[in-house]
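Worksheet: the structure to be examined is printed underneath.
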Amino acid sequence: MKRIGIIGVGEIGRALVTGLCDGTDTPPEVFLSPRGATTAAELSARHEGVRVCADNQEVVDRSELVIIAVRRGNLREALAGLRVGDDKLVVNVMAGVAIDELRRTLATDAPVVRAIPLPTVRERRSVTVTCPSHPEVNAFFAYLGGALPVEDEEAFNVFSALTGTLTTHYAYLVTLASWAADHGIAAADADSYVRSLFQGVGRSLSDESRSLQRLAADHETPKGNNERIRTTWFGPDNSDALRKALDGLLADLR
Ligand SMILES: NC(=O)C1=CN([C@@H]2O[C@H](COP(=O)(O)OP(=O)(O)OC[C@H]3O[C@@H](n4cnc5c(N)ncnc54)[C@H](OP(=O)(O)O)[C@@H]3O)[C@@H](O)[C@H]2O)C=CC1
């Protein structure tokens with residue numbers, strides 16, 4: 001893909017542009033919508049091939065692949081009335097917006113593919129779930145760290161629900177550091193040590209020869225401290241509560 005359009009230049013739009021353009025001699029041409037003006041101007045100043053368009057229609061007209069990255073609440077305002085020819089390829093990254101809903105809003109027969117890019121696409125290190133599988137969209141995200149095409153939107157929504165757990169993970173780390181600080185540890189030391197502990201977990205996760213259960217078992221001494229916290233805190237009640245929260249999110253994503 002040589003010409004990429006992005007409508008909605010916020011956090012994820014910025015991450016996509018950075019991943020596409022940073023550190024490469026052959027970046028694509030990128031056309032940005034004018035809203036999110038500060039971010040759009042900054043990206044176009046930093047990257048030669050990135051231009052800010054006069055309006056959303058110009059983004060569509062200039063691009064082969066058009067990424068829709070506005071918030072769900074801005075969907076109608078951003079897209080109603082746009083003319084999207086059947087020769088375009090549309091990538092929908094909006095959480096909770098089904099293919100049919102977007103196709104109706106755009107009144108187009110162009111292929112529409114859903115995707116879940118995460119902020120680490122900026123480093124070209126994030127696997128992006130796509131649906132349905134489309135060779136050009138898969139190749140696009142393969143460049144940004146990997147593509148995981150799934151069969152249908154039901155499966156896609158399950159992956160989407162998983163991505164809704166990320167900030168809970170950060171909040172868990174904040175709680176650990178703040179607990180240590182409450183026990184007299186300097187906040188900076190607590191913060192730094194918690195980061196170091198869980199960066200180790202991140203590195204272990206890259207060893208795909210071991211299952212998640214195996215990794216957990218390998219980190220745990222029978223009757224040791226890890227087993228104690230896991231069984232006293234992350235027992236069946238807590239695990240069930242997490243599953244229920246995910247079920248609720250999945251129901252709303254359908
Ligand atoms: N952040 C993330 O990690 C991920 C986000 N997503 C999805 O991506 C979408 C965007 O999320 P995120 O980047 O976090 O949100 P942001 O709020 O950071 O960005 C949304 C952008 O859309 C712009 N916008 C609003 N109205 C219009 C319009 N009419 N025309 C063009 N642009 C418009 C906003 O501009 P302005 O500032 O001027 O209002 C803003 O720059 C959401 O649907 C979200 O579900 C998907 C995967 C991951």
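Position 1 is the first residue of the sequence; numbering continues from there. Just so you know, ligand 1 is whichever comes first in the structure, and atom 1 is the first atom listed for that ligand.
The protein heavy-atom contact nearest to atom 19 (O) of ligand 1 is G10 CA, 3.1 Å. Of the protein's non-hydrogen atoms, the one nearest atom 47 (C) of ligand 1 is P117 O, 3.1 Å. The protein heavy atom nearest to atom 14 (O) of ligand 1 is E11 CB, 3.8 Å. In terms of protein heavy-atom proximity, atom 28 (C) of ligand 1 is nearest to A78 CB, 3.6 Å. Closest to atom 39 (O) of ligand 1, if we only count protein heavy atoms, is R35 NH2, 3.0 Å. With respect to atom 43 (O) of ligand 1, the closest heavy atom belonging to the protein is V70 O, 2.7 Å.
Among A69, G36, A95, the residue whose heavy atom sits closest to atom 20 (C) of ligand 1 is A69. When T120, L79, V93 are checked for heavy-atom proximity to atom 46 (C) of ligand 1, V93 turns out nearest.
Considering both main-chain and side-chain atoms, V9 comes within under 3.5 Å of ligand 1 through a nitrogen or oxygen pair.
For R124, the side-chain hydrogen bond (donor to acceptor under 3.5 Å, both in side chains) test picks out no residue, with sequence neighbours left out.
Only side-chain heavy atoms of S33 come within less than 4.0 Å of ligand 1; its backbone N, CA, C and O stay farther off. Of the heavy atoms in N56, only side-chain atoms (C-beta onward) come closer than 4.0 Å to ligand 1. Residue I12 touches ligand 1 through backbone and side chain together, judged by heavy-atom distances below 4.0 Å.
Near P119, with a cut-off below 4.0 Å to any heavy atom, the atoms of ligand 1 are 3 (O). Ligand-side atoms of ligand 1 in range of M94: 43 (O), range being under 4.0 angstrom from any heavy atom.
The pair E64-K2 does not count as a salt bridge, with every side-chain nitrogen at least 4.0 angstrom from each carboxylate oxygen. For D240 and K244, the salt-bridge test fails: no basic side-chain N is under 4.0 Å from an acidic carboxylate O.
Applying the ring pair (Phe, Tyr, Trp, His ring centres under 6.0 Å) rule to pairs touching residues 225-252 yields Y172-W233, sequence neighbours excluded.
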### Task
Please assess D247 against R243 for the test salt bridge (charged side-chain N to carboxylate O under 4.0 Å, His left out), listing each intermediate value before the final yes or no.
CA-CA 6 Å; D247 283 344; R243 284 170 177 275; over 6 Å; no
